[in-house]
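Residue numbers start at 1 and run along the sequence shown.
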Amino acid sequence: MRARVLVSVAVAATIALGATGCEFMAPAQTTEIKQITDGVNVSTGKLDVRNALLISDDGDGARFIATLLNHSESDDMTVSVEVGGDTQTVEVPAQSRLDLANDGKHDTLDFPDAKTTPGSLVKVYFSYSGAEGVSANVPVLTTAQEEYATLAPTPTPTETPSGSPSATATDTPINP
């Protein structure tokens with residue numbers, strides 16, 4: 001009877017060890033953080049840039065979309081965003097976030113001279129006073145996806161030269 005109990009315990013231990021052995025060597029999924037956004041995330045100092053991406057349908061000009069988080073207790077930030085040599089700045093108050101989009105509720109940050117290719121990655125540089133800047137390869141997406149349909153940059157109006165001839169209606173009667 002004693003041998004039977006020992007054999008049963010040995011078999012149970014072997015089964016338990018075999019069933020849990022796979023997890024013993026595998027890393028826990030909670031230690032591997034995966035980004036689930038279309039854009040990229042970067043941080044520098046007390047600034048976090050979340051879900052950064054560029055929207056451009058034709059490659060001439062782009063709108064920068066992101067959420068900027070200022071973790072400073074009391075200092076407002078003037079954040080510089082550089083795309084292809086063109087730099088623009090935005091103010092982010094202390095302990096707040098700034099959403100950059102074009103949904104009527106948020107600020108926009110357009111780069112009309114940016115040369116981008118939809119589907120490519122463009123180097124974007126982020127900086128503010130008091131911290132080292134950081135760059136990221138930001139994806140260029142189009143308005144083909146429904147969630148980005150309203151986010152295309154507004155084309156810059158072109159001036160028409162004055163004094164150029166134009167077709168206009170006249171009051172001259174037509175002779176039959």
Side-chain angles (χ1 to χ4, degrees), residues 29-168:
Q29 289 299 315
T30 56
T31 62
E32 295 179 20
I33 298 172
K34 300 212 188 305
Q35 184 172 312
I36 58 169
T37 62
D38 291 331
V40 296
N41 299 331
V42 294
S43 297
T44 180
K46 295 184 184 245
L47 172 70
D48 289 338
V49 179
R50 297 292 176 248
N51 197 24
L53 53 96
L54 292 164
I55 302 292
S56 178
D57 285 329
D58 57 8
D60 290 328
R63 173 164 288 149
F64 177 72
I65 307 294
T67 298
L68 306 176
L69 302 161
N70 180 351
H71 295 287
S72 174
E73 294 291 327
S74 60
D75 296 329
D76 295 348
M77 290 181 186
T78 300
V79 179
S80 295
V81 180
E82 180 184 337
V83 177
D86 184 11
T87 302
Q88 296 191 34
T89 60
V90 292
E91 293 293 323
V92 185
Q95 286 292 303
S96 68
R97 77 183 218 185
L98 176 65
D99 294 320
L100 296 170
N102 184 26
D103 57 5
K105 299 179 229 169
H106 301 99
D107 295 329
T108 60
L109 200 57
D110 290 348
F111 292 88
D113 297 328
K115 299 297 180 209
T116 58
T117 303
S120 68
L121 296 174
V122 173
K123 190 168 289 283
V124 178
Y125 186 74
F126 306 95
S127 63
Y128 71 95
S129 180
E132 185 175 333
V134 64
S135 64
N137 289 322
V138 174
V140 180
L141 303 178
T142 66
T143 57
Q145 293 178 325
E146 184 179 330
E147 59 268 25
Y148 302 127
T150 62
L151 299 178
T154 307
T156 306
T158 56
E159 292 184 28
T160 57
S162 61
S164 63
S166 60
T168 58

Worksheet entry | Considering all heavy atoms, the nearest Ser74-Ala94 contact | C-CB, 3.5 Å

Response to the item:
Closest heavy-atom pair, Lys115 versus Asp60, reported as atoms and distance to 0.1 Å, is NZ-OD1, 3.3 Å

Practice prompt. Kindly write out the residues that satisfy side-chain hydrogen bond (donor to acceptor under 3.5 Å, both in side chains) with Thr142, not counting sequence neighbours, or none if the list is empty.
Written response: none

Worksheet item: What pair of heavy atoms forms the shortest contact from Thr108 to Ala101, and how long is it?
Response: CG2-O, 2.9 Å

Practice prompt. Measure the spacing between CD1 of Ile55 and CZ of Phe64 and express it to the nearest 0.5 Å.
Written response: 11.0 Å

Worksheet entry | Heavy-atom pair with the smallest gap, counting every atom of Asn70 and Pro93 | ND2-O, 3.2 Å

Practice prompt. Could you grab the distance from atom CD of Gln95 to atom CG of Leu69, nearest 0.5 Å is fine?
Written response: 10.5 Å

Worksheet item: Quick one: salt bridge (charged side-chain N to carboxylate O under 4.0 Å, His left out) partners of Asp75, sequence neighbours excluded?
Response: none

Practice prompt. Could you tell me whether a side-chain N or O of Asp57 sits under 3.5 Å from a main-chain N or O of Thr143, the two making a donor and an acceptor?
Written response: yes

Practice prompt. Working to the nearest 0.5 Å, report the span between OG1 of Thr116 and CZ of Arg63.
Written response: 13.0 Å

Worksheet item: Going from CD on Glu91 to CG on Asp76, what distance comes out if it is rounded to the nearest 0.5 angstrom?
Response: 7.0 Å

Worksheet item: Which pair of heavy atoms, one from Ala114 and one from Val83, lies closest together, and at what distance?
Response: CB-CG1, 4.0 Å

Let me check something: any side-chain donor-acceptor pairs from residues 119-138 under 3.5 Å, sequence neighbours excluded? List them with distances.
| from | atom 1 | to | atom 2 | distance (Å) |
| --- | --- | --- | --- | --- |
| Ser120 | OG | Thr117 | O | 2.5 |
| Tyr128 | OH | Lys46 | N | 2.8 |

Worksheet item: With sequence neighbours excluded, what pairs up with Thr67 under the side-chain hydrogen bond (donor to acceptor under 3.5 Å, both in side chains) test?
Response: Asp99

Practice prompt. Taking side-chain contact (heavy atoms from CB on, under 4.5 Å) as the test, write out the residues that go with Gln145, two or more places apart.
Written response: Asp38, Leu141, Glu147, Tyr148

Practice prompt. Of all the heavy-atom pairs spanning Val42 and Arg50, show the shortest one and how long it is.
Written response: O-NH1, 3.4 Å

Discussion item. According to side-chain contact (heavy atoms from CB on, under 4.5 Å), who are the partners of Gln88, at least two apart in sequence or on a separate chain?
Written reply: Asp86, Leu109, Phe111, Pro112

Worksheet item: Side-chain contact, heavy-atom cut-off 4.5 Å: Leu100 with Ile65?
Response: no

Fill in: Whether Ser56 side chain and Gly61 backbone form a donor-acceptor pair below 3.5 Å
yes

